[in-house]
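Right, one structure below, let's go through it.
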Amino acid sequence: QLQLVESGGGLVQPGGSLRLSCAASGVGFDVYAIGWFRQAPGKEREGVSCITARVSGSGTSYTDSVKGRFTISRDDNKKMVYLQMNSLKPEDTAVYYCAGRRSFATMCDTRTKNDYWGQGTQVTVSL
């Protein structure tokens with residue numbers, strides 16, 4: 001069983017930055033792959049980024065629309081995953097969720113089904 005809680009969302013101007021945090025509780029965090037997802041009103045949930053388990057090398061992947069702007073990372077000693085978001089655009093506005101699954105895969109894909117989800121944190125990019 002894994003519990004996830006997101007934080008760090010808020011209102012930011014276009015071009016600004018935010019860092020989202022995903023705090024995990026439960027045993028064996030270093031064998032979980034974690035993904036960040038977002039959902040805007042009226043749109044389907046979209047995979048943003050993912051990171052493989054620490055034991056699998058903490059490899060990362062990003063959707064094309066955020067490459068070069070967002071960075072995912074993890075600190076397993078703190079049982080935390082982060083999403084650093086730079087050069088934010090209005091189209092980044094959404095509720096952002098983190099999700100996880102046990103995985104030993106050395107590559108990750110946000111299309112893979114996740115077993116555990118956080119409650120979400122709102123990110124609004126607007127003047």
In Å and rounded to the nearest 0.5 Å, what is the [atom1] to [atom2] distance from [X] to [Y]?
| X | Y | atom1 | atom2 | answer |
| --- | --- | --- | --- | --- |
| S65 | D92 | OG | CG | 7.0 Å |
| L2 | I34 | CG | CD1 | 5.5 Å |
| S17 | M85 | OG | CE | 8.5 Å |
| I72 | C22 | CD1 | SG | 8.5 Å |
| R19 | L83 | CZ | CG | 10.5 Å |
| C50 | N114 | SG | CG | 9.0 Å |

Residue pairs passing the salt bridge (Lys or Arg N to Asp or Glu O under 4.0 Å) test where at least one lies in residues 46-61, sequence neighbours excluded: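 Passing the test, one end in residues 46-61: D30-R54, R38-E46.
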Qualifying salt bridge (Lys or Arg N to Asp or Glu O under 4.0 Å) pairs with a residue from residues 117-127, counting only residues at least two apart or across chains: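 Those involving residues 117-127 do not exist here.
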In one Ile/Leu/Val/Met/Phe/Trp/Tyr side-chain cluster, 4.5 Å: V55, V27: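 Shared cluster, no.
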Same cluster (ILVMFWY, side-chain, under 4.5 Å), L4 and Y32: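 Linked within one cluster.
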Crowding at CD, Q3 (>12 non-hydrogen neighbours, <6.0 Å):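 No, the 6.0 Å shell around CD holds no more than 12 heavy atoms from other groups.
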Counting C-beta onward and ignoring hydrogens, is there a side-chain heavy-atom pair between [X] and [Y] closer than 4.5 Å?
| X | Y | value |
| --- | --- | --- |
| V48 | T110 | no |
| L20 | Q84 | no |
| C98 | Y116 | no |
| D75 | Y82 | yes |
| F70 | T63 | no |
| E6 | Q119 | yes |
| S103 | V31 | no |
| V123 | L18 | yes |

Would you check if the side chain of [X] reaches a backbone N or O of [Y] as a donor-acceptor pair within less than 3.5 Å?
| X | Y | value |
| --- | --- | --- |
| T52 | C108 | no |
| K43 | A94 | no |
| T93 | V125 | yes |

Salt-bridge criterion met for D115 and K113 (N-O under 4.0 Å):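 K113 and D115: salt-bridged.
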Lys/Arg N to Asp/Glu carboxylate O, D64 vs K67, below 4.0 Å: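 Yes, D64 and K67 are salt-bridged.
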Working for side chain to side chain contact (heavy atoms under 4.5 Å, CB included), residues V81 and W36: CA-CA 9 Å; V81 173; W36 283 99; 3.7 Å; yes
Parallel, tilted or perpendicular: ring planes of W117 versus Y97, cut at 30 and 60 degrees: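 Ring orientation of W117 relative to Y97: perpendicular.
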Distance under 6.0 Å and angle within 45° of ring axis: R74 vs F29: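 Yes, R74 and F29 form such a contact.
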Closest approach of M80 to S21 (non-hydrogen atoms, all atoms of both residues):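 M80 and S21 have their closest heavy atoms at CE-CB, 3.6 Å.
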Show the atom names and distances, to 0.1 Å, of all donor-acceptor pairs under 3.5 Å that link a side chain in residues 7-15 to residues at least two apart or in another chain.
none

